[in-house]
Colleague: 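Pasting in a structure now, in C-alpha cells, and then I'll have a few things to ask.
Counting starts at 1 for both ligands and their atoms, in listed order.
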Amino acid sequence: MTDQILVLPGDGIGPEIVAQAVSILECVSQQMQLGLEMNTALIGGAAIDSTGVPLPNDTLAQAKTADAILLGAVGGPKWDNLEMARRPEQGLLGLRSNLGLFGNLRPAILYPQLAAASSLKSEVVAGLNILIVRELTGGIYFGQPRGIRTLDNGERQGYNTYIYSEAEIRRIARVAFEAAQRRGGQLCSVDKANVLEVTVLWREVIQSMAADYPEVELSHMYVDNAAMQLIRAPKQFDVIVTGNMFGDILSDAAAMLTGSIGMLPSASLNEHGQGMYEPCHGSAPDIAGQDLANPLATILSVAMLLRYSLGHVGAADAIEHAVNTVLDQDFRTADILSDGTIQVGTKAMGYAVLEALRQR
Ligand code: IPM
Ligand code: MG
C-alpha cells in the first residue's frame, strides 16, 4: 500500500520551504522505492483568500485520511485584523485539535558546524541535544470559557481558561517518559505549581507516574526558572515536558540556542501515531518570496515524518545525513551565516541537500 502524504504549504515562506522539502521527499521515495503519494491542499491565509475559511472541509477531510501531513507555516500581516475565529492560525489549531495531535516533539539539536551561529558562547551550547515535549491540544490554548466581554461599567475584559484533566496530563507524560527512556534517561517537567492550581495537578500526576519508569530520573522546575536555566546552562536538560503555552515559549528559546530557529523540525502525533510535521519557525512574512528562508527545518521535518509516521528509518537517516553534509560543505542561509561560510538562498540550499542525497 502506498503512503499518502498531505502537503499544506500555507503562507509566507511556507510555499518556498515546502517546495524544497517535497523535492527531497520525491528523491528518497524514488531512490528507495517508497512509493509515496503526495497531495497538496489549502490552509491558513491562503485558504482564507480562496475559500473564506482557514481550514476548509476538504483540507480537514484529506488530513484525516492521510498517513502523515507536512505543513509549512500559517499567518501574516494581511490577515492580522480578522476576528480570532477566522485567522490563519485557527487552521493550524483546528488541525491539531480535530486530529487529536496532542504530542508535540520539538528537538533542539546543535549541529557542531553551527556552534558559531548561536548567540551563546560555544562552550555553553556545544553538544546540545534537548527534546521538548509540548502538550498541543489542551491548556490555555483551548480552555473554555474564553473571550472578550463587556462589563457592566462598559469596560472590556479579556479572559481565557487554563485547564488540564488528569487524562490529558497522563498521556503527554507517557510520551515524555518514553522519550526519556530512549534518550538520556532524564525528564524535567516544567510548571508553575507555586501559583497555578492546574499545574499543581500537573506536577502531582507526573510525579505519580515516576514509579512506572524507574530508569528515568524525574525532576520538576518552575517555568520562569526553566527559561533562565535554558539560557544559563542548557545542557543540563535531556527531555522537557510541559503544557501548551509554556511549551510554545520555551521551544522558541531552545530553538535559538541552536543558532537559528530555521533549523528546528517538529512532529505532532496523535494516539494512532498519525502525525503532522512542521518547522518550528513561523511564516516569516518579512522575508517571504525572496529566496532567503532556511528550508532545513522543513527538510528535517520530512525526516521526522518518515521516521515516526511511516517507519522509513533508512530514508530518515539519509536525509539527516545529507543535511549534515551540506553544513560540512559550509553552505549557509542568511540566518546561520558566519565567517568563512558560503551564503546560499532557499533553492540553492534545497538543491545542495538533493545533491548530497544523490551522491550517497
Ligand atoms: C507554534 C506556533 C503556533 C502556536 C501558532 C502559529 C498558532 O507559534 O507552533 O509554536 O502558538 O502553537
Ligand atoms: Mg510558537
Colleague: Determine, stepwise, if the pair Asp49 / Lys78 fulfils salt bridge (Lys or Arg N to Asp or Glu O under 4.0 Å).
Modeller: CA-CA 10 Å; Asp49 287 350; Lys78 181 174 175 195; 2.6 Å; yes
Colleague: Between Gln229 and Arg232, is there a side-chain donor-acceptor contact under 3.5 Å, judged purely by atom types and distance?
Modeller: yes
Colleague: Does an N or O from Tyr141, backbone or side chain, lie closer than 3.5 Å to an N or O of ligand 1?
Modeller: yes
Colleague: Of all heavy-atom pairs between Phe331 and Met349, which one has the smallest distance, and what is that distance?
Modeller: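 Looking at all heavy atoms of both residues, the shortest contact is O-CE, 3.4 Å.
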Colleague: Name the closest protein heavy atom to atom 10 (O) of ligand 1, giving the residue it belongs to and the distance to 0.1 Å.
Modeller: Asp248 OD1, 2.9 Å
Colleague: In terms of atom number and element, which parts of ligand 1 are under 4.0 angstrom from non-hydrogen atoms of Arg134?
Modeller: 1 (C), 4 (C), 9 (O), 10 (O), 11 (O), 12 (O)
Colleague: Between the Mg ion (ligand 2) and Asp252, is there an N, O or S atom separated by less than 2.8 Å?
Modeller: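 Within the cut-off used here (under 2.8 Å), Asp252 places no N, O or S atom near the Mg ion (ligand 2).
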Colleague: Does any N or O atom in Arg106 lie less than 3.5 angstrom from one in ligand 1, N or O only?
Modeller: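 It does: an N or O of Arg106 is found under 3.5 Å from an N or O of ligand 1.
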Colleague: Go through it in stages, so that I can follow the logic: the residues are Gln4 and Glu37, the test is side chain to side chain donor-acceptor pair (under 3.5 Å), and I'd like the CA-CA distance, side-chain angles, deciding distance and then a yes or no.
Modeller: CA-CA 5 Å; Gln4 298 282 344; Glu37 261 180 36; 2.9 Å; yes
Colleague: Quick one: report the N, O or S atom of Asp248 that is nearest to the Mg ion (ligand 2).
Modeller: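 Among the N, O or S atoms of Asp248, the one closest to the Mg ion (ligand 2) is OD1.
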Colleague: Could you tell me whether Gln90 approaches ligand 1 through its side chain, its backbone, both or neither, with non-hydrogen atoms closer than 4.0 Å?
Modeller: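 Neither; nothing of Gln90 gets under 4.0 Å from ligand 1.
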Colleague: Rounded to the nearest 0.5 Å, what separates atom OG1 in Thr298 from atom CE in Met263?
Modeller: 11.0 Å
Colleague: Should Leu34 and Leu25 count as side-chain neighbours, where that means a heavy-atom distance under 4.5 Å?
Modeller: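 Sidechains of Leu25 and Leu34: no contact.
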Colleague: Which part of Met245 is near ligand 1, with near meaning a heavy atom under 4.0 Å away: side chain, backbone, both or neither?
Modeller: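 Neither; nothing of Met245 gets under 4.0 Å from ligand 1.
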